[in-house]
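Have a look at the structure below before the remarks.
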2 protein chains.
Amino acid sequence: MNIGLLCFITHRAMETRVMAALAAAGFDDLTLAQGRVAARISPGGTRLTALAEQAQVTKQTAGFLVDQLERAGYVRREPDPADARARLVRMAPRGEAAVAVARAAEAEVEKEWTGHLGPGEIERLRAALESLRELTDPYR
Amino acid sequence: MNIGLLCFITHRAMETRVMAALAAAGFDDLTLAQGRVAARISPGGTRLTALAEQAQVTKQTAGFLVDQLERAGYVRREPDPADARARLVRMAPRGEAAVAVARAAEAEVEKEWTGHLGPGEIERLRAALESLRELTDPYR
DNA sequence: CCATTTTGGTACGATCCTCTGACTAAATAT
DNA sequence: ATATTTAGTCAGAGGATCGTACCAAAATGG
């Protein structure tokens, strides 16, 4: 089977598990699209344009999703001291809490996968995918 | 980085390339969602319910997308001789042509990736993902 | 320093995708 | 023969995404 489709299956399995864990922990108002944008917010805050670029959606879509995240209390926007036009999207406490749950779910799933493949093979898999990012990820 | 996200990046890269190749070959009316459903149609034809299950969308969504594929001439629906309620979704000639283009694009991308990782490592990657399907793909 | 271009972001409208709920008809099970 | 399951459709709604058009601040180039 083609590697792209195999990656899709694997990715979707992880995403489904993480979303389920979030919902179970009370973060049941988060959507997939919101999560994909939120996952790109760095600790120091990230500009909307950067989020859009990394998530590969338009500025409008990213703005739309950040609006929702803000209304739901996951993130806040602060003025960017370096540029009066821009604002930094930052995690709010509720967002930090959701991130912690998501990270734990990811770790749990990876543990299961490691149990299936073995630790050496999992690391080899990760290394191969990381290496492919040089070809596949323009926003590394 | 977490393996789920790495798979997402890899998958999206493949999908983008395939869609671009299809568009360049004149199949520019195909959408991603249509393609994901169409990719599950087997040579002997596939029932709508089976497509929905495998693509992990509802029957309604699958029906909606197949309607569009049918109107655009990519697929046709035929009565299922084994069940009067059901119909088999089959590729039409235009669909077969698109599949050929998609397959060629996939092969091209995999070739590039093989050039980057080496043939041994690519096969190891594929084998690991295939093995993970036992955990990640309920519709294998 | 001023004009031009680039960059960060918003507003509006349209389209696409997806789901829930309700339904029909055929097949299967009891 | 009746009840249940299965294949599929219809109608309606909400969410996600994009294209076009804008505005304002910053950078660039005389």
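Numbers restart at 1 for each chain; the letters A, B, ... are given by sequence-line order, proteins then strands. Being a predicted model, the structure only gives us computed values, none of them experimental. Below, each value reflects all heavy atoms present in this structure, side chains not excepted, and no hydrogens, waters or symmetry copies.
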**Report entry** Interface limits on DNA chain D, where chain B has a heavy atom under 4.0 Å of a nucleotide atom
**Finding:** D:dT6 to D:dC10
Query raised in the report: Between A:Ala84 and A:Arg36, who's closer to the 5' end of DNA chain D by nearest nucleotide?
Result: A:Arg36
**Report entry** Beyond-backbone contact of A:Cys7 with A:Leu129, side-chain heavy atoms, under 4.5 angstrom
**Finding:** yes
Query raised in the report: Between B:Arg126 and B:Glu123, is there a salt bridge with N-O shorter than 4.0 Å?
Result: yes
Query raised in the report: Looking at residues at least two apart in the chain, or sitting in another chain, which of them share a salt bridge (Lys or Arg N to Asp or Glu O under 4.0 Å) with A:Arg76?
Result: A:Glu78
Query - ring-ring contact (aromatic ring centres under 6.0 Å, His included) involving A:Phe64 - partner list, sequence neighbours excluded - result: none
Query - Cationic N near anionic O, under 4.0 Å, A:Lys59 to A:Glu53 - result: no
Query - Annotated protein contacts, base or backbone, on nucleotides 1-14 of chain C with a non-hydrogen cut-off under 4.0 Å, one of B, S, - each - result: ------BBBBB---
Report task. Keeping the roles fixed (side chain from B:Arg94, backbone from B:Ala72), state whether a donor-acceptor pair exists under 3.5 Å. Result -> yes
Report summary line: side-chain hydrogen bond (donor to acceptor under 3.5 Å, both in side chains) filter on A:Gln54, not counting sequence neighbours, yields none
Query raised in the report: With sugar-phosphate meaning primed atoms plus P, OP1 and OP2, does B:Gln68 contact a base, only sugar-phosphate, or nothing at under 4.0 Å between heavy atoms?
Result: sugar-phosphate
Query raised in the report: Are B:Arg17 and B:Glu112 ion-paired here, with the side-chain N under 4.0 Å from a carboxylate O?
Result: yes
Requested in this report: Kindly say if B:Thr61 contacts the phosphate of C:dC19, meaning a side-chain N or O under 4.0 Å from OP1 or OP2.
Outcome: yes
Report task. Kindly indicate, with the supporting measurements, whether the criterion side chain to side chain contact (heavy atoms under 4.5 Å, CB included) is fulfilled by A:Leu32 and A:Glu15. Result -> CA-CA 8 Å; A:Leu32 227 60; A:Glu15 200 169 53; 3.5 Å; yes
**Report entry** Residues touching DNA chain D, which here means a heavy atom under 4.0 Å, drawn from residues 25-34 of chain A
**Finding:** A:Thr31, A:Ala33
Query raised in the report: Shortest non-hydrogen contact from B:Val18 to B:Ala102?
Result: CG1-CB, 3.8 Å
Query raised in the report: Rounded to the Å, how far apart are A:Phe64 CZ and C:dT15 C1'?
Result: 13 Å
